[in-house]
There are 2 protein chains.
Amino acid sequence: MTTHKKALTIDTINPNVLKVHYAVRGEIPNKAAEFEQQLHEGKNLPFDSVVWTNIGNPQQQPNLGQEPLTFWRQVSALTEYPALLDMPAEARDAMFPADTQERARELLEAFGSVGAYTSSKGVPLVRRHVAEFLKERDGHDEDIHNIYLTAGASAGISLMFQVFFGSGDGVLIPIPQYPLYSATLSLLNVEPMKYSLRSDHCWDPSDTDVRRQIDLAVKHGIKPRAIVVINPGNPTGSCMSKEQIYDVIKVAYEFDLAIFADEVYQVNIYQKERPFASFRKVLLDLRHSSDPTERDMSEKVELASLHSTSKGVAGECGRRGGFFVLNNFDADVEAQVNKMASIGLCPPTQGQIGVDLLVRPPKPGDPSYELYAKQIHNIHETLHQRSLLIAEKFNELEGVKADPAMGALYMFPRLHLPKAVADEAEKVGKKVDELYCMELLKETGICVVPGSGFGYTPRVLDDGSSYSYFRTTLLAKATDKFVERYVRFHKSFMERYKNK
Amino acid sequence: MTTHKKALTIDTINPNVLKVHYAVRGEIPNKAAEFEQQLHEGKNLPFDSVVWTNIGNPQQQPNLGQEPLTFWRQVSALTEYPALLDMPAEARDAMFPADTQERARELLEAFGSVGAYTSSKGVPLVRRHVAEFLKERDGHDEDIHNIYLTAGASAGISLMFQVFFGSGDGVLIPIPQYPLYSATLSLLNVEPMKYSLRSDHCWDPSDTDVRRQIDLAVKHGIKPRAIVVINPGNPTGSCMSKEQIYDVIKVAYEFDLAIFADEVYQVNIYQKERPFASFRKVLLDLRHSSDPTERDMSEKVELASLHSTSKGVAGECGRRGGFFVLNNFDADVEAQVNKMASIGLCPPTQGQIGVDLLVRPPKPGDPSYELYAKQIHNIHETLHQRSLLIAEKFNELEGVKADPAMGALYMFPRLHLPKAVADEAEKVGKKVDELYCMELLKETGICVVPGSGFGYTPRVLDDGSSYSYFRTTLLAKATDKFVERYVRFHKSFMERYKNK
């Protein structure tokens with residue numbers, strides 16, 4: 001018998017996997033995890049804790065620690081252990097307001113048990129509630145057949161991209177972008193067609209660049225198939241106007257593209273000038289246009305919109321809940337999505353219950369309303385105030401420009417770093433923002449993600465200095481500590497490199 | 001502007017998707033769902049309820065309705081709503097035994113919050129407990145770096161196959177098999193190398209056929225990369241002996257294959273002759289062999305073993321929990337699995353908690369032990385008795401041969417159907433078992449899966465009669481009703497076709 005050679009080596013596995021990059025959980029977060037472990041083991045480091053701001057994970061302990069919404073958790077607990085509904089009335093009613101009991105009974109009736117598989121698209125009752133939510137939000141009815149519950153928005157994207165796209169296809173993605181998109185496309189060997197967001201114009205999409213990228217792709221024999229839009233923006237915190245949304249729909253119509261609208265931050269809006277408008281509303285409103293072309297758009301352009309329980313003010317990431325809705329999709333294409341969803345059996349039941357709670361919050365007059373309203377107001381206000389505070393403190397620094405977030409859960413400050421940083425970065429084989437963020441981590445324990453992790457390549461100016469970005473979440477409970485550590489680091493970093 | 005053509009049509013989407021078949025949720029279950037909806041709307045059908053036995057979903061209402069394990073649900077409820085731990089002691093202790101409170105506190109300490117993302121591989125505490133479970137089960141230590149928590153075993157297979165395999169590769173799968181495997185391979189354009197299980201030998205794998213399929217694949221330019229084994233068997237209910245497991249390891253060693261051991265039914269064993277033996281134990285035990293080749297096997301053959309919260313006696317499918325453990329994998333290959341896992345962010349937290357409860361059940365002396373032991377005994381006994389009852393009643397029928405399940409949650413009875421069935425099936429473009437199962441559904445509301453849905457092609461004998469199979473779960477609460485309806489149908493079906 002000959003000796004065994006390993007079946008699975010870096011040379012024999014799927015080569016597309018090697019091309020995948022996912023910086024949100026990449027080199028810097030891995031290093032941060034190492035530091036945390038070392039602190040845990042009593043090692044002496046220049047900081048006493050790691051501050052995780054690399055990922056929108058509001059309930060993470062100990063530094064973020066956003067409190068869960070009480071209403072959500074009461075209903076979830078009752079569905080996990082329905083015997084709580086049969087406790088002595090006094091004890092039960094002291095713990096669980098009447099509306100949480102009612103909601104739990106209704107969900108239990110629909111789910112049978114949270115331990116059972118549901119239909120692959122999710123429980124019909126919850127999908128009906130999603131349809132009502134969409135009607136209320138956009139003013140247009142929805143068929144529950146078009147609604148899929150998912151294990152978070154990521155699972156929805158992964159499912160759909162795998163059904164729709166393959167080698168030779170191209171998909172337009174914004175730059176900077178949440179790297180889920182580039183990673184998923186790499187895995188499928190689909191060409192990422194990178195269109196620029198305009199850093200000097202509130203990170204609005206550049207229609208000109210979208211068209212340029214389509215031209216370019218076609219010239220290279222790539223078939224453009226779809227456009228991804230993240231609104232509110234991740235990592236940029238931008239919000240799109242209705243006019244910009246319309247422009248994307250027009251391009252999609254003109255070039256036979258489907259639209260993927262990642263709208264998971266739709267309630268995270270921190271200004272009044274650009275309220276959230278959904279792609280679905282803008283698209284379906286065109287049904288009533290006097291222009292026949294616009295009516296045709298409204299009936300033809302395929303739109304998949306995604307939402308999630310992980311963001312907003314709930315921040316319930318761990319339960320993995322979300323949904324997508326398909327508009328104008330061919331029935332036989334939808335059937336293929338359904339078939340592939342069924343192989344994964346069903347989304348997690350507590351994620352599905354989370355979606356129900358997301359789309360049907362307590363209403364004024366309900367026993368849970370007052371506390372609920374107070375909690376979401378506080379969370380929202382805290383996020384907004386942190387954004388203002390961070391922007392203010394960052395803008396006092398030489399070489400940092402930070403706009404307060406218009407939406408989403410992130411700040412995306414711009415760094416203007418001296419030539420010596422670029423020189424050093426080149427020497428060590430890193431990008432300037434990677435170098436900066438790694439030094440930030442090593443000196444302060446603050447874990448952020450360099451802008452290049454979102455596909456934004458640092459720009460070198462004529463004098464050798466450079467523009468680059470990093471993303472930090474708005475979620476640090478210990479914002480003051482975060483700001484203090486950051487300011488100290490940045491000053492010393494600039495000092496060091498200016499004099500090199 | 002030219003008119004818009006749909007971006008996504010059956011002709012433009014990923015062509016591999018069109019090749020995917022998944023009968024467990026295919027035509028027959030879809031028809032059953034239609035019937036259920038019609039009954040709900042008051043339509044008159046030949047039956048008053050659909051009996052779902054197409055999928056191992058023990059807690060499904062109303063026909064299966066296995067009660068959840070109280071210990072599990074108490075701990076889950078406490079982690080969802082930790083304020084329950086602060087209830088007045090008397091009310092709290094009446095609802096939650098001390099060990100459930102202690103477990104919940106320990107898990108909350110490790111998770112921070114069930115609403116937070118965890119590490120992509122799952123919470124280290126739970127993975128440590130999995131390592132202890134593996135040590136206890138197999139007598140060999142495990143490094144927690146090799147352990148991944150997943151959203152059920154399906155998610156683990158899907159993640160790993162996508163990282164490891166692509167066009168030109170071949171993977172050995174048993175026939176009959178759970179169609180997750182063939183479906184996932186189709187999607188990735190990987191050749192399914194189908195090796196036969198021996199219907200006349202307790203569905204044991206045929207070593208001869210495994211070798212024949214390897215030969216055949218190589219002749220066709222396919223590169224054999226791995227072998228999948230399901231033990232206990234789905235849909236067959238078979239159990240492998242240690243010798244058979246050793247034979248698979250030997251073949252894997254000889255032909256440079258990785259092994260995927262789907263062991264999700266490991267506690268569902270209904271006989272003493274073939275107790276469950278894990279691939280991991282058999283492989284790692286060879287470390288102590290006096291034969292250097294066997295020691296080499298033990299150190300080189302890559303083994304991924306999978307387990308789940310969905311089966312066993314817990315049957316907690318809806319929370320989507322499970323794990324896999326990698327033995328003998330290259331570190332850089334493991335790093336790629338980790339990277340791809342991170343894009344999905346993390347497995348659902350209640351699924352992870354389910355894994356903790358699965359691998360750390362209450363021990364004798366714990367406050368929850370007595371009830372827990374009683375519940376698992378009852379569930380196990382019920383499943384066993386149902387298997388015996390169904391086999392007995394089925395075997396009384398002409399043309400049906402049913403062995404009681406040795407393991408897992410299924411019966412896989414053989415049908416011997418007259419020539420007229422084959423003729424009719426050919427006329428309507430179906431396989432004999434598909435025809436049979438569809439008629440069964442239409443007349444009785446019983447939803448089973450035809451054997452061809454597991455890749456077993458019906459065999460036509462010289463006289464035109466045929467052998468085929470179907471799978472039914474052992475889970476019908478209303479087993480009597482199920483058996484009565486089935487017996488009535490089968491007799492009338494045979495009567496009808498014998499006289500054609």
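- Of the listed residues A:Ala314, A:Gly344, A:Ala7, the one with more heavy-atom pairs under 4.5 angstrom with chain B than any other is A:Ala7.
- Comparing B:His21, B:Gln336, B:Gln350 by heavy-atom pairs within less than 4.5 Å of chain A, the highest count is held by B:Gln336.
- Interface residue B:Ser154: only side-chain heavy atoms are found under 4.5 Å from chain A.
- For a residue to count as touching a neighbouring chain, one of its non-hydrogen atoms must lie under 4.5 Å from one of that chain's; by this rule A:Ala335 does not touch chain B.
- Using a 4.5 Å cut-off between heavy atoms, A:Ala258 contacts chain B through both its backbone and its side chain.
- B:Arg73 places no side-chain N or O within donor-acceptor distance of the main-chain N or O of A:Ala83, the cut-off being under 3.5 Å.
- Contact annotation for A:Pro124: neither backbone nor side-chain heavy atoms come within less than 4.5 Å of a heavy atom of chain B.
- Ranked by non-hydrogen atom pairs under 4.5 Å with chain B, the options A:Phe165, A:Phe255, A:Phe164 are led by A:Phe164.
- For chain B, the option among A:Leu180, A:Thr12, A:Asn16, A:Asp169 with the highest count of heavy-atom pairs below 4.5 Å is A:Thr12.
- The shortest distance between side-chain heavy atoms of A:Thr70 and B:Tyr81 falls below 4.5 Å.
- Listed options B:Val75, B:Thr184, B:Val17 were ranked by heavy-atom pairs under 4.5 angstrom with chain A; first place goes to B:Val17.
- With a 4.5 Å cut-off on non-hydrogen atoms, A:Asp296 touches chain B through its side chain but not through its backbone.
- If you measure heavy-atom distances from B:Thr79 to chain A, the contacts under 4.5 Å come from the backbone alone.
- If you tally non-hydrogen atom pairs under 4.5 Å between each of B:Ser76, B:Ala91, B:Gly166, B:Ala226 and chain A, the highest count goes to B:Ser76.
- Taken to the nearest 0.5 Å, the CG atom of B:Asn57 stands 7.5 Å off from the SG atom of A:Cys346.
- With hydrogens and angles ignored, the 3.5 Å screen pairs a side-chain donor or acceptor of B:Asn14 with a backbone N or O of A:Gln162.
- Residues satisfying the side-chain contact (heavy atoms from CB on, under 4.5 Å) criterion with B:Pro348, sequence neighbours excluded, are A:Arg320, A:Pro348, B:Ala151, B:Arg320.
- The contact between B:Leu18 and chain A is made by backbone and side chain atoms together, counting heavy-atom distances below 4.5 Å.
- Residue pairs meeting the salt bridge (charged side-chain N to carboxylate O under 4.0 Å, His left out) criterion with at least one member in residues 75-95 of chain A, sequence neighbours excluded: A:Glu80-B:Arg319.
- Both the backbone and the side chain of A:Ile343 come within less than 4.5 Å of a heavy atom of chain B.
- The CE atom of A:Met87 sits 5.0 Å away from the CE atom of B:Met87 when rounded to the nearest 0.5 Å.
- Proximity to chain B is limited to the side chain of A:Leu187, based on heavy atoms less than 4.5 angstrom apart.
- At distances below 3.5 Å, not a single donor-acceptor pair connects side-chain atoms of B:Asp330 with backbone N or O atoms of A:Thr9.
- For a residue to count as touching a neighbouring chain, one of its non-hydrogen atoms must lie under 4.5 Å from one of that chain's; by this rule B:Lys5 touches chain A with backbone and side chain alike.
- In terms of non-hydrogen atom pairs under 4.5 Å with chain B, the most contact-rich of A:Asp332, A:Ile157, A:Val163 is A:Val163.
- Heavy atoms closer than 4.5 Å to chain A are found in both the backbone and the side chain of B:Val301.
- Only the side chain of A:Phe96 comes within contact range of chain B, with at least one heavy atom under 4.5 Å from a heavy atom of that chain.
- Using modelled atom types, one side-chain atom of A:Glu302 and one backbone atom of B:Leu8 make a donor-acceptor pair closer than 3.5 Å.
- If you measure heavy-atom distances from A:Met340 to chain B, the contacts under 4.5 Å come from the side chain alone.
- Between A:Cys317 and B:Ala116, the shortest heavy-atom distance links the atoms CB-C, 4.3 Å.
- With a threshold of 4.5 angstrom between heavy atoms, A:Leu84 approaches chain B through its backbone and through its side chain.
- Looking at B:Pro347, the atoms closer than 4.5 Å to chain A (heavy atoms on both sides) all sit in the backbone: N, CA, C or O.
- Separating the CD atom in A:Glu316 from the OG1 atom in B:Thr349 is a distance of 8.0 Å, to the nearest 0.5 Å.
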